[in-house]
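Side-chain atoms are counted along with the backbone in the values below, which use heavy atoms only and exclude waters and symmetry mates. Every chain is numbered from 1 and lettered A, B, ... according to where its sequence line falls, protein lines coming before strand lines.
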Amino acid sequence: MTKRNFWGYFVPYGLWLGLFVIAPVALIVYQSFFNLDHQFTFANYADYFQSGVYLKMTLNSVWYAFLITLFTGLISYPTAYVLHQLKHRQLWLLLVILPTWINILLKAYAFIGLFSQDGLANTFLRFIGVGPHQLLFTNASFIFVATYIQIPFMILPIYNALDDLNPALVNASRDLGATHWQTFRHVIFPLTLPGVKAGIQAVFIPSLSLFMLTRLIGGNKVITLGTAIEEHFLTTMNWGMGSTIGVVLIVAMIIVMQLTTDHTKGAAK
Amino acid sequence: MKRLISLVALLLLVCGGLAYASTQLQKSSGAASGKVLNLYNWGDYLDPALLKKFQTETGYHVNVETFDSNEAMYTKLKQGGTHYDLAVPSEYMVSKLKAAHLLQPLDHSRLTGMQNYDSRFLNQSFDRGNRYSLPYFWGTLGIVYNDRFVKPGTLTHWSQLWSPKYRDQLMLIDSARDILGMALVEQGHSMNTTNPQTLLAATKRLDQLSPNVKAVVADEIKMYMSQDEAAVAVDWSGEAAEMLAQNKHLHYVVPSEGSNLWFDNLVIPKTAQHYQAIYAFLNFMSRPQNAAQNAEYIGYATPNAKAKALLPARVRNDRQFYPDDKTLRHLQVYRNLAPRVVQTYNDRYLEFKMHH
């Protein structure tokens with residue numbers, strides 16, 4: 001690469017990275033060290049780790065994010081697998097991605113309509129004789145809607161991993177006498193694991209800080225860190241504490257990335 | 001791929017063209033001549049017909065920008081770079097803006113409609129002598145109930161909300177001051193208490209309300225209540241007025257033992273530029289027939305006594321939105337509390353939300 005070429009590529013990329021990745025993160029870290037009176041302090045972190053409320057909220061968030069990721073994974077893997085076998089798979093894939101083009105708020109409102117007392121879901125329950133149920137504002141409905149929203153982000157990386165899988169390996173496994181299940185268990189699944197991990201990364205972190213859904217669908221019965229951040233920035237204007245929670249989320253993201261990144265990858269290649 | 005790119009390019013071109021055309025249109029309609037007024041208001045909080053009337057009457061072109069929370073407005077005014085001539089903060093935010101030196105005092109010699117206002121709504125604790133603000137609308141916090149589930153007239157006090165018969169039927173507005181304030185009033189305390197012990201006791205009382213709470217939501221309450229999703233809700237009178245208009249089974253009560261009295265007020269931010277237009281607008285809005293028209297459109301209570309007299313009797317005598325003197329005397333205006341106290345309110349409230 002010539003020197004001019006290098007700068008030609010690096011400058012826009014570096015600018016982008018600096019302005020939109022490094023600067024915001026640095027600002028959040030910086031803000032997190034200031035209290036309401038704009039004095040430098042570590043009190044925000046001390047508050048966070050000493051108050052039972054924030055720790056409980058963190059546990060809550062991690063637990064719900066875990067459940068959402070788990071259900072998303074359970075649905076997405078088989079879906080991606082089946083999609084990959086289909087004839088018009090590009091079309092099917094497009095249909096899976098299509099809902100992501102719709103704003104999340106619109107989707108949430110659509111679910112409010114479906115789940116309300118006189119909504120479609122309850123009409124159906126009444127029709128089959130189960131009678132109406134309280135569907136909105138339950139933990140189950142929150143997880144259901146969050147899972148629905150996250151599914152495309154899990155399907156895509158798994159689908160791509162399946163696409164990259166060399167069919168010769170599957171054929172070889174079958175030739176050598178492995179059953180369908182054994183092939184899947186020992187060949188297909190391990191080789192598509194990077195896709196699953198990428199999917200987990202794409203789903204888990206955003207799920208930690210979902211806040212619109214906790215109110216609209218969960219009726220604030222589910223409180224996540226996102227709720228606290230929203231409150232600190234919009235109501236109490238305690239940006240320091242809000243940033244502190246933001247930093248905790250960034251650290252959580254780094255941990256998840258570490259756990260789900262394949263460290264042996266370099267050696268294997 | 002190529003088709004996709006050309007499609008996206010076409011879309012961008014159309015959007016850009018439309019944006020350009022609309023700025024051109026705005027420029028030609030007064031902005032260029034400098035006869036403008038930049039109004040920073042809540043969404044849908046001014047009768048558009050009235051706006052048109054003001055523009056034809058005075059020739060000033062009004063640019064309206066909207067905000068959805070006092071705090072968002074405060075942040076924007078504080079960070080500068082804006083040129084709003086008038087803003088519409090709630091009462092506690094007026095104190096806060098005043099303390100931050102972000103307001104310009106009103107020149108009372110240029111105001112012509114002061115005598116139209118009801119003296120009960122002037123000279124409030126947040127702005128003595130109305131040095132900085134003119135009341136725009138006022139309202140209360142109260143209980144909305146659906147007469148299909150609750151017998152009319154049986155629900156009149158805060159303490160009744162704790163009754164086991166409303167199990168899983170209650171919706172609360174997602175606002176720390178209001179919901180804790182409700183618990184404080186229920187226990188006979190001031191809604192402006194700064195005593196941590198009193199607040200803690202109120203939080204404990206709120207925790208006992210949990211089994212009755214179906215959801216803690218924001219604007220969506222209107223939609224839920226109009227669709228019979230819940231039997232009872234705690235919300236502001238303005239929101240209640242909209243719900244009542246959509247569902248005739250709904251009723252609104254302000255408990256006579258006390259509640260919040262809130263004001264939205266017109267103020268002049270420091271960065272204002274068009275003083276002629278500002279006073280023209282303030283005087284225009286103070287005129288009884290204009291204030292009455294606006295109140296009828298928005299559905300909130302007007303502080304303008306002469307305007308109230310012009311309203312139809314069924315609105316004027318509606319005790320739901322114009323409570324009697326006894327109730328009115330028990331209402332409390334929020335004081336702007338120190339940031340630390342606000343923080344305590346919100347922390348306690350967050351704990352309540354986590355427990356319920």
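Contact between A:Ala228 and B:Leu350 at its shortest, heavy atoms only, is CB-CD2, 4.2 Å. Residues B:Lys214 and A:Gln117 share a closest heavy-atom pair of NZ-NE2, 3.7 Å. A:Lys221 and B:Val213 make their closest contact through NZ-O, 3.1 Å (heavy atoms, listed as atom of the first residue, atom of the second, distance).
Applying the 6.0 Å contact sphere to OH of A:Tyr13 captures no more than 12 heavy atoms from other residues, nucleotides or ligands. Dense packing is recorded around CZ of A:Arg89, with more than 12 heavy atoms of other residues, nucleotides or ligands lying under 6.0 Å away. Within a 6.0 Å sphere centred on CZ of B:Arg205, other residues, nucleotides and ligands contribute more than 12 heavy atoms. Atom CZ of B:Phe149 is surrounded by more than 12 heavy atoms from other residues, nucleotides or ligands within 6.0 Å. Within a 6.0 Å radius of OH in B:Tyr45, more than 12 heavy atoms belonging to other residues, nucleotides or ligands are found. Heavy atoms of other residues, nucleotides or ligands lying less than 6.0 angstrom from CH2 of B:Trp162 number more than 12.
Neither the backbone nor the side chain of B:Ala176 comes within contact range of chain A; no heavy atom of the residue lies under 4.5 Å from a heavy atom of that chain. Of the two parts of B:Tyr345, neither the backbone nor the side chain holds a non-hydrogen atom closer than 4.5 Å to a non-hydrogen atom of chain A. Contact of A:Met57 with chain B is made through backbone and side chain together, with heavy-atom distances under 4.5 Å. In this structure, chain B has a heavy atom under 4.5 Å from the side chain of A:Leu136, while its backbone stays farther away. For B:Asp168, the part lying near chain A is the side chain, with the backbone staying farther off; criterion is any non-hydrogen pair under 4.5 Å. No part of A:Phe233 comes within reach of chain B, as not one of its non-hydrogen atoms sits under 4.5 angstrom from that chain. For a residue to count as touching a neighbouring chain, one of its non-hydrogen atoms must lie under 4.5 Å from one of that chain's; by this rule B:Lys78 does not touch chain A. Looking at A:Ser51, there are no atoms closer than 4.5 Å to chain B (heavy atoms on both sides), in backbone or side chain.
Here the side chain of B:Glu71 pairs no donor or acceptor atom with the backbone of A:Thr236 at under 3.5 angstrom.
If you take CD on B:Gln343 and CG on A:Asp47, they are separated by 8.5 Å, rounding to the nearest 0.5 Å. The CZ atom of B:Arg340 sits 8.0 Å away from the CG atom of A:Asn238 when rounded to the nearest 0.5 Å. One distance of note links CD of B:Glu229 with CZ of A:Phe137; it measures 5.5 Å at 0.5 Å rounding. Of the inter-residue distances, the one linking B:Asp174 atom CG with A:Glu230 atom CD reads 7.5 Å to the nearest 0.5 angstrom. To the nearest 0.5 Å, the span separating OG1 on A:Thr227 from NZ on B:Lys353 amounts to 6.5 Å.
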Might you work through the side chain to side chain contact (heavy atoms under 4.5 Å, CB included) test for A:Asn220 and B:Phe352, ending with a clear yes or no? CA-CA 10 Å; A:Asn220 270 325; B:Phe352 156 68; over 6 Å; no
Would you please test A:Met237 and B:Thr75 for side chain to side chain contact (heavy atoms under 4.5 Å, CB included) and show each step? CA-CA 9 Å; A:Met237 294 202 257; B:Thr75 310; 4.0 Å; yes
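Listed options B:Met223, B:Arg177, B:Met171 were ranked by heavy-atom pairs under 4.5 angstrom with chain A; first place goes to B:Met223. With chain B as the partner, the residue from A:Asn35, A:Asn60, A:Thr138, A:Val53 showing the most heavy-atom pairs under 4.5 Å is A:Val53. Between chain A and the residues B:Ala218, B:Ala72, B:Ser69, the largest count of heavy-atom pairs under 4.5 Å involves B:Ala218.
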